[in-house]
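Below, each value reflects all heavy atoms present in this structure, side chains not excepted, and no hydrogens, waters or symmetry copies. The first residue of the sequence shown is numbered 1, and numbering continues consecutively from there.
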Amino acid sequence: VALLDVVRKGVYAHAFKECHELAGLFADCVAGRMLSVVWACRPENHAMNECLHQYTNKVKMDKAYSDEEDRLAVKRAAEKSAAREKRAAS
């Protein structure tokens with residue numbers, strides 16, 4: 001799985017967690033509708049999307065990607081260090 005996919009999943013999961021109330025209102029609105037969703041649920045859809053965008057815009061995605069790269073670099077460095085120590089102890 002590509003790093004970008006992992007980051008995107010995490011960012012969207014966080015966004016939906018933060019916007020769960022608005023997502024619930026939208027879900028309630030669309031329940032039982034078909035074509036009328038487009039106009040009947042427009043305010044709920046707009047409110048949900050505005051909320052989600054706070055957490056999924058380019059700046060937030062770039063920061064999350066950078067943070068994940070940094071986290072993985074620290075993890076790799078720790079693993080290399082542990083492997084060196086293990087070899088030295090052998």
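Atom NZ in K86 sits 12.5 Å away from atom CD in E79 (nearest 0.5 Å). Atom CG of L25 sits about 11.5 Å away from atom SG of C19, to the nearest 0.5 Å. L52 CG to E50 CD: the interatomic distance, rounded to the nearest 0.5 Å, is 10.0 Å.
Smallest separation of non-hydrogen atoms from M61 and V7: O-CG1, 4.2 Å. Contact record, V38 with R42: O-NH2, 3.6 Å, taken as the closest heavy-atom pair. Between L22 and M48, the shortest heavy-atom contact is CB-CA, 4.0 Å. Of all non-hydrogen atoms in A40 and C29, the two that sit nearest each other are O-SG, 3.8 Å. Considering every non-hydrogen atom in both V30 and C41, the closest pair reads N-SG, 3.7 Å.
Residues H46 and F26 have side chains not in contact (no heavy-atom distance under 4.5 Å, counting atoms from C-beta outward).
The stretch residues 5-23 participates, sequence neighbours left out, in these salt bridge (charged side-chain N to carboxylate O under 4.0 Å, His left out) pairs: D5-R8. Within the structure, every pair that satisfies the ring pair (Phe, Tyr, Trp, His ring centres under 6.0 Å) test and touches residues 55-75, not counting sequence neighbours, is listed here: H14-Y55.
Judged by distance alone, the side chain of R76 and the main-chain N or O of L72 form a donor-acceptor pair under 3.5 Å.
Hydrophobic clustering of Ile, Leu, Val, Met, Phe, Trp and Tyr side chains at less than 4.5 Å, counting indirect connections, unites L4 with Y12.
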